[in-house]
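One-based numbering, in listed order, for ligands and for the atoms of each. Remember, predicted model here, so these are calculated numbers, not experimental data. Count residues from 1 along the sequence.
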Amino acid sequence: MPTVFEAVRNEFGPELPLLHDGHHRMTPIQAATLGKALEPYDLFWLEDCTPAENQDAFRLVRQHTTTPLAVGEVFNTVFDFQTLIREQLIDYVRAASTHFGGISPLKKVMDYAAQYQIKSGFHGPTDVSPVGLAAQTHLGLAIHNFGIQEYMEPSEKTNTVFEQSMTFADGYLHPGEKPGLGVELNEEAAASFPYQQAYLPYNRLADGTVHDW
Ligand SMILES: [Mg+2]
């Protein structure tokens, strides 16, 4: 990975923000080694470098690198962030309103994070739904420690079912002018897309063991 980032920096210069997602795949010492090796390339953040359920692991990573760390897309409560924030082991909160209990708990964790200059970087793939993304966008506008908002373009089907006032242009989300979250569920449109069971991809090690992906 360091050779990839070296090539990207050489090609695009120092201004382009670069983010890397480790998807919980590294051991703590591997994560620390990578963070240290990436320091010359000035990452915006290194995300989920190692599973954060074991908060001691982040003490180890933090002691070894100044690469900014982002964590929390699999977290479900404010208490998951308690140690990571109090000990300033992370730089960005990656929680999503959809998985975190909504706007109120997300606001609580961001107010706590603000005391330590830790910013938001809410999880924003399409599975948080346009409702979740709208909630996070509004919250991002309301807090003083907004950092960045992840965004993934919804499919045409999704946009048919969820009528949104939110817009995305030139890297910026705008919540639009409609009241509330600005998202209306079109139940008639939803009925034309019957439920189909589906699974997220899963990852196996060479010996077949199921592993974080
Ligand atoms: Mg991620």
Asks: Mind telling me whether Phe168 and Tyr151 have parallel, tilted or perpendicular rings, with 30° and 60° as the class edges?
Replies: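 If you compare the ring of Tyr151 with that of Phe168, the planes turn out parallel.
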Asks: Got Phe75 and Leu84 here, is their nearest side-chain heavy-atom distance under 4.5 Å?
Replies: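 Phe75 reaches Leu84 side chain to side chain.
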Asks: So does His24 get a backbone contact from the side chain of Thr50, meaning a donor-acceptor N/O pair under 3.5 Å?
Replies: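 Looks like no, no N/O pair under 3.5 Å.
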Asks: Do Thr98 and Asp127 come close enough that some side-chain heavy atom pair is under 4.5 Å?
Replies: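 Thr98 vs Asp127: side chains apart.
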Asks: I need the protein N, O or S atoms closer than 2.8 Å to the Mg ion (ligand 1), given as residue plus atom name.
Replies: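 Only Asp21 OD2, Glu47 OE2, Glu73 OE1 fall inside 2.8 Å of the Mg ion (ligand 1).
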Asks: Does a side-chain heavy-atom distance below 4.5 Å link Gln82 with Thr77?
Replies: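 Gln82 does not reach Thr77 side chain to side chain.
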Asks: Could you check whether Thr65 and Glu39, counting side-chain N and O atoms only, form a donor-acceptor pair closer than 3.5 Å?
Replies: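 On atom types as modelled, these side chains qualify, holding a pair under 3.5 Å.
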